[in-house]
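To find a chain, count down the sequence lines: A is the first, B the second, and so on, and within it residues start at 1.
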Number of protein chains: 4
Amino acid sequence: MARGINKVILVGNLGNDPETRYTQGGMAITRISLATTSVRKDKDGNQQERTEWHRVVFFGKLGEIAGEYLRKGSSVYVEGSIRYDKYTGQDGQEKYSTDIIADEMQMLGGREGGGGGGMGGGDRPARTPRQEYGNQGGGGGQRRQAPAPASQPAPMDDFADDDIPF
Amino acid sequence: MARGINKVILVGNLGNDPETRYTQGGMAITRISLATTSVRKDKDGNQQERTEWHRVVFFGKLGEIAGEYLRKGSSVYVEGSIRYDKYTGQDGQEKYSTDIIADEMQMLGGREGGGGGGMGGGDRPARTPRQEYGNQGGGGGQRRQAPAPASQPAPMDDFADDDIPF
Amino acid sequence: MARGINKVILVGNLGNDPETRYTQGGMAITRISLATTSVRKDKDGNQQERTEWHRVVFFGKLGEIAGEYLRKGSSVYVEGSIRYDKYTGQDGQEKYSTDIIADEMQMLGGREGGGGGGMGGGDRPARTPRQEYGNQGGGGGQRRQAPAPASQPAPMDDFADDDIPF
Amino acid sequence: MARGINKVILVGNLGNDPETRYTQGGMAITRISLATTSVRKDKDGNQQERTEWHRVVFFGKLGEIAGEYLRKGSSVYVEGSIRYDKYTGQDGQEKYSTDIIADEMQMLGGREGGGGGGMGGGDRPARTPRQEYGNQGGGGGQRRQAPAPASQPAPMDDFADDDIPF
DNA sequence: TTTT
DNA sequence: TTTT
């Protein structure tokens with residue numbers, strides 16, 4: 001049984017449009033890059049900013065919704081858990097990655113639309129914001145129970161459902 | 001100003017005794033390795049366990065308390081934020097690390113004492129559990145404002161306060 | 001759709017054995033009284049304690065587990081949401097109550113067993129602690145979607161499923 | 001020492017302009033009414049909405065900021081703890097109230113401005129949103145350590161600092 | 001009413 | 001490496 005609590009709560013903005021892929025079994029996997037910025041005063045009393053970029057992953061139904069409604073610049077609430085992965089890079093080196101596996105999401109009203117999407121076509125408009133979505137409903141049955149494949153620096157191409165290492 | 005929320009809540013057990021170091025300015029920095037285990041059913045309906053090992057860092061007064069009261073096996077509640085760091089390894093490669101910067105902690109009653117400590121002297125008994133500590137009080141003034149140096153695979157030896165990269 | 005986040009995280013001890021009832025439809029509803037104690041320094045610098053007693057409600061499968069495994073004195077992690085209710089007391093007066101509707105629970109290792117139960121028979125031993133349970137799985141299908149009836153000072157006797165006011 | 005965790009996280013919208021009062025000692029106390037709405041499917045498969053109205057209280061510096069920047073309609077993230085109070089109403093009856101004592105707040109970008117304020121003059125424009133504020137800094141020293149007086153149905157007029165019942 |  |  002589960003022992004321990006591993007919970008993450010984020011509110012931040014997307015640095016790019018989401019990227020959605022599908023497993024061979026048809027399950028959506030959407031990844032976003034989410035910025036949270038904090039401030040502290042350094043020892044000279046100056047305001048110092050620091051931004052963390054979180055790699056957030058949405059599976060299944062939540063992945064479809066995230067891919068459809070979120071855009072670069074969108075403001076979003078995410079709840080999930082931290083997942084650490086280790087893999088061998090293409091250079092043969094061991095690498096580590098950290099992902100936030102989302103199991104709840106809610107769009108907030110800031111900068112929806114976003115636009116000017118990053119690399120790909122992007123630029124589909126976001127729909128109505130301020131809705132909450134979770135991955136816990138019965139039925140489709142992929143929620144945290146069906147979490148993350150290999151992580152960011154790692155490629156996630158061409159993988160079958162069976163490749164999901166968990 | 002701050003934009004966004006970056007909050008982590010963990011309940012887990014220490015895999016080893018804490019490691020405490022001090023900056024040249026005398027500030028304590030304590031690191032622990034904290035396990036949280038979750039379960040899911042795989043597609044064959046079998047229970048699959050997965051453990052995440054979180055690297056948690058406590059600064060200042062909180063670092064002193066963590067170093068003094070926590071032990072291998074201790075059960076603890078931690079609240080903090082995620083911090084991602086990038087550094088150059090001794091092999092000249094860019095590496096990444098992820099730390100949880102604690103700003104609150106509370107010992108829970110499970111397996112206090114721990115004992116059988118790892119490598120170093122260790123084995124001092126834990127004191128009374130079930131107390132909550134935070135890093136927000138005025139005075140000493142190191143709290144999240146004085147967060148993490150380079151991360152785990154990275155060495156944290158011999159650094160002066162000025163070396164703290166934030 | 002949902003707008004907003006309403007999330008509560010509690011770690012505390014039960015003041016009494018749980019009370020479990022069943023709807024006419026057979027759904028379990030378990031209530032516990034959970035203490036959390038905080039400290040502050042008053043203006044004279046003295047430590048002042050204050051205990052909050054949370055009325056936590058578990059529905060469905062989670063209600064069965066809570067009723068079976070928790071006991072007076074048990075230490076438990078609860079995650080849920082706040083629910084405010086208004087009802088007319090037997091004296092004809094409008095009254096208010098506040099409940100925490102649990103959707104996740106995890107027993108912690110403190111004082112399991114409890115024993116010496118309050119008023120009723122009680123005194124069944126708690127089972128193995130340190131397991132996490134949630135109400136989100138498909139199937140039975142009562143989770144937050146099937147939350148709380150009238151609240152504490154209000155009686156919760158003899159109600160049919162149809163009486164659940166939501 | 002503290003035993004237990006009592007943590008609340010809310011994202012919602014203000015139903016009215018904030019109300020700010022000052023203790024005789026000059027400490028600001030600001031109250032807001034914050035809505036969070038959730039949905040569930042009832043047994044007929046229809047979407048059922050339910051809104052909780054949280055009474056959130058900000059003290060000290062945080063109270064000043066909340067009073068100055070929040071407005072009816074503002075979207076806000078609040079972190080704090082639950083506080084239950086019992087008092088004797090003007091009708092001589094015992095009454096109960098529940099407040100969320102905020103210790104962190106961050107304005108979100110939705111509907112700032114708000115306008116059309118409720119009862120009082122209101123209608124000052126909100127300032128720049130998306131900033132995070134906490135009550136933990138040293139100095140003034142009112143944070144959760146200086147929480148809530150009597151609660152909503154209860155009057156909070158004319159009270160001196162010494163009247164604060166904690 | 002719990003717990004430390 | 002912990003814990004159940």
Could you tell me how far apart [X] ([atom1]) and [N] ([atom2]) are, to the nearest whole angstrom?
X: B:Gln106; N: E:dT2; atom1: CD; atom2: C1'; value: 14 Å
X: B:Asn13; N: F:dT2; atom1: CG; atom2: P; value: 10 Å
X: C:Glu49; N: E:dT4; atom1: CD; atom2: P; value: 12 Å
X: A:Ile5; N: F:dT2; atom1: CD1; atom2: C1'; value: 16 Å
X: B:Gln47; N: F:dT4; atom1: CD; atom2: C1'; value: 13 Å
X: B:Leu14; N: F:dT1; atom1: CG; atom2: P; value: 15 Å
X: C:Leu108; N: E:dT2; atom1: CG; atom2: C1'; value: 14 Å
X: A:Arg3; N: F:dT2; atom1: CZ; atom2: P; value: 12 Å

*Taking only residues two or more places apart in sequence, or in another chain, which ones meet B:Asp44 in a salt bridge (Lys or Arg N to Asp or Glu O under 4.0 Å)?*
none
_Tell me if a side-chain donor or acceptor on C:Glu94 pairs with a main-chain N or O of C:Lys86 at a distance below 3.5 Å._
no
*asked:* Give me the atom names and distance for the closest heavy-atom approach of D:Glu52 to C:Tyr84.
replied: OE1-N, 3.0 Å
*asked:* Under 4.0 Å, heavy atoms only, any strand: does C:Thr51 hit a base, just the sugar-phosphate, or nothing?
replied: base
*Please list, chain by chain and in numerical order, all residues satisfying side-chain contact (heavy atoms from CB on, under 4.5 Å) with C:Glu49, sequence neighbours excluded.*
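Listed in chain order: C:Thr37, C:Val39, D:Arg3.
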*Any stacking of C:Trp53 on E:dT1, going by centres under 5.5 angstrom and planes within less than 30 degrees?*
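Taking the rule of under 5.5 Å and under 30°, the ring of C:Trp53 does stack on E:dT1.
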*Nearest to the side chain of C:Ser33 - F:dT1, F:dT4, E:dT1?*
E:dT1
